[in-house]
Amino acid sequence: MTLPKQYDDIPGTVVFDAEQARRGYHLNMFCMSLMKAENRAAFKTDERAYLDKWPMTEEQKQTILKRDWNGMLQLGGNIYFTAKLAATDGLSFQQIAAKMTGSSQADYADMMIKGGRSPDGNRSKSEWKNRG
Amino acid sequence: MARIIAGIGVSHIPAIGAALDNAKTKEPYWVPVFEGFERSKEWIAKIKPDVCIVVYNDHASAFSLDLVPTFALGCASDFAVADEGWGPRPVPPVKGHPELAWHIAQSVVLDEFDITIVNKMDVDHGLTVPLSLMFGQPSEWPCPIVPLCVNVVVYPVPTGHRCYMLGKAIRKAVESFDKDLRVVIFGTGGMSHQLQGPRAGLINKEFDQRFLDNLSRDPAALVRIPHIEYLRDTGSEGIEMVMWLIMRGALDDDVKEVYRFYHVPASNTALGHIILENQAEKRKEWQ
């Protein structure tokens, strides 16, 4: 039994629900560990070895090593946690947001200055069908 | 008797804190943001609240996924400023009001809100950015703060109706506190924004403006907004606006909007701000 997920129809969005939180527990707790300077240093020294200390799936580890920000979310990551990995890399929220949308930071910042992404055409997956 | 005299809605965008802390407030990008709070700072300096209740959310700072309380009330006498990965913000530590906070906890539990009592909690930008916007950069915050932390990270977040009713229970709690305190309540977060995925950057000015309008005109309409509407129409993080409904629930039915400011963008987000005064309070002052 599961509760209905109306939000599955929203395009380009992963809602961090019970299923995602369960799937991503270790991935997110890994990100949380990066709040400590000594852990950031250990991670930077040998990313693979540091990741191997966490009981994550290989697929999850690969998304982290490749900095596949959308992939992390698909596999249970939450943006407030993955933002700690971004901070470890010296990236701001807006920089990873740009990466997740597939645009350059300049283009993304420009879109925001012009008022952001309109909800029109972005409410339902059916509206994104024809996107490449 | 303690009483709630006014409510403040305000976004808590971390980049605003970074702009303040790194002396970037005169940069053209940030000038309109900080100008928008000049009148608010004057207002609160005149109002001089004895205590502020600040409704906010933790961003994986004090609470990881090990513990996810839906409503957590800070009952400590001190709250350290969280290190969110780049060192704590250079702002004063936050002083609590344990007597009032414990009183609220007791009262709302008996009113069937099973709130989590927290005696140790670092507070992150969700709480400190609104304080900076309202109080500027003082060497210490002008009054004690009661933090109320709401889960808006793990879905489902509490419903708008639940938040509104909790606001009412908090008001009742404050009014049964036997010290003469003038309390201002903050609802923080929002407005429309999405930080994640290919749809990041979503902004919905129409929704936000209607939300601001209805805080005074028709709060009942806001209380009925379902989660799917926040997620679809205001971005996945726009759902933080339920926290404003705790603030709204704690006020009179009849409020006066005394100030509003709305600006796009601040980083990824639509910045919204409103000040609502209780009318009953005004009448009392005229007598």
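Chain letters run A, B, ... following the sequence lines, proteins first and then strands; every chain starts at 1.
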Heavy-atom pairs under 4.5 Å with chain A, option from B/Ala266, B/Pro156, B/Ser61 with the top count: B/Ser61

Are there over 12 heavy-atom neighbours, none belonging to B/Glu112, within less than 6.0 Å of that residue's CD? no

Heavy-atom distance under 4.5 Å to chain B: side chain of A/Ser92, backbone, both or neither? neither

Here's a test for you: under side-chain contact (heavy atoms from CB on, under 4.5 Å), which of A/Gln94, A/Met112, A/Lys114 qualifies with B/Pro265? A/Met112

Indicate whether the side chain of B/Gln196 and that of A/Thr13 have a donor and an acceptor atom separated by less than 3.5 Å. no

Apply side chain to side chain contact (heavy atoms under 4.5 Å, CB included) to residues A/Phe16 and B/Leu65 and explain how you reach the verdict. CA-CA 12 Å; A/Phe16 189 64; B/Leu65 290 181; 3.9 Å; yes

Scanning both residues in full, the closest heavy-atom pair of B/Ser64 with A/Met29 reads OG-CE, 3.3 Å

State, to 0.1 Å, how close B/Ile203 and A/Gly115 come at their nearest heavy-atom pair, and which atoms those are. CB-O, 3.3 Å

A/Leu73 portion near chain B, given a 4.5 angstrom heavy-atom threshold: side chain

Separation of A/Arg123 CZ from B/Asn204 CG (nearest 0.5 Å): 6.0 Å

Go through B/Ala82, B/Pro198, B/Ala60 and name the one with the most non-hydrogen pairs under 4.5 angstrom from chain A. B/Pro198

Modelled atom types, side-chain donor and acceptor of B/Asp58 and A/Tyr80, under 3.5 Å: no

Counting only non-hydrogen atoms closer than 4.5 Å, does A/Asn122 touch chain B with its backbone (N, CA, C, O), its side chain (CB onward), both, or neither? both

Look at B/Val68, B/Val264, B/Leu202, B/Thr269 and state which one has the largest set of heavy-atom pairs under 4.5 Å with chain A. B/Leu202

Can you tell me how far OG1 of A/Thr101 sits from CG of B/Asn268, rounded to the nearest 0.5 angstrom? 9.5 Å

Apply side chain to side chain contact (heavy atoms under 4.5 Å, CB included) to A/Gln20 and B/Tyr155, showing your working. CA-CA 9 Å; A/Gln20 290 300 101; B/Tyr155 187 89; over 6 Å; no

Just to be sure I understand the criterion: a residue of residues 9-25 of chain B counts if one of its heavy atoms is under 4.5 Å from a heavy atom of chain A. Which ones qualify? none

Taking everything shown except A/Lys99 itself, do over 12 heavy atoms lie less than 6.0 Å from its NZ? no

Ordered numerically, the heavy-atom neighbours of chain A under 4.5 Å found in residues 229-243 of chain B are B/Leu231, B/Arg232, B/Asp233, B/Ser236, B/Glu237, B/Glu240

Non-hydrogen atoms of chain A under 4.5 Å away: do they reach the side chain of B/Phe207, the backbone, both or neither? neither

For the NE2 atom of B/His59 and the CD1 atom of A/Ile79, what is their distance to the nearest 0.5 Å? 11.5 Å

Who among B/Gln194, B/His193, B/Glu84 has the most heavy-atom pairs with chain A under 4.5 Å? B/Gln194

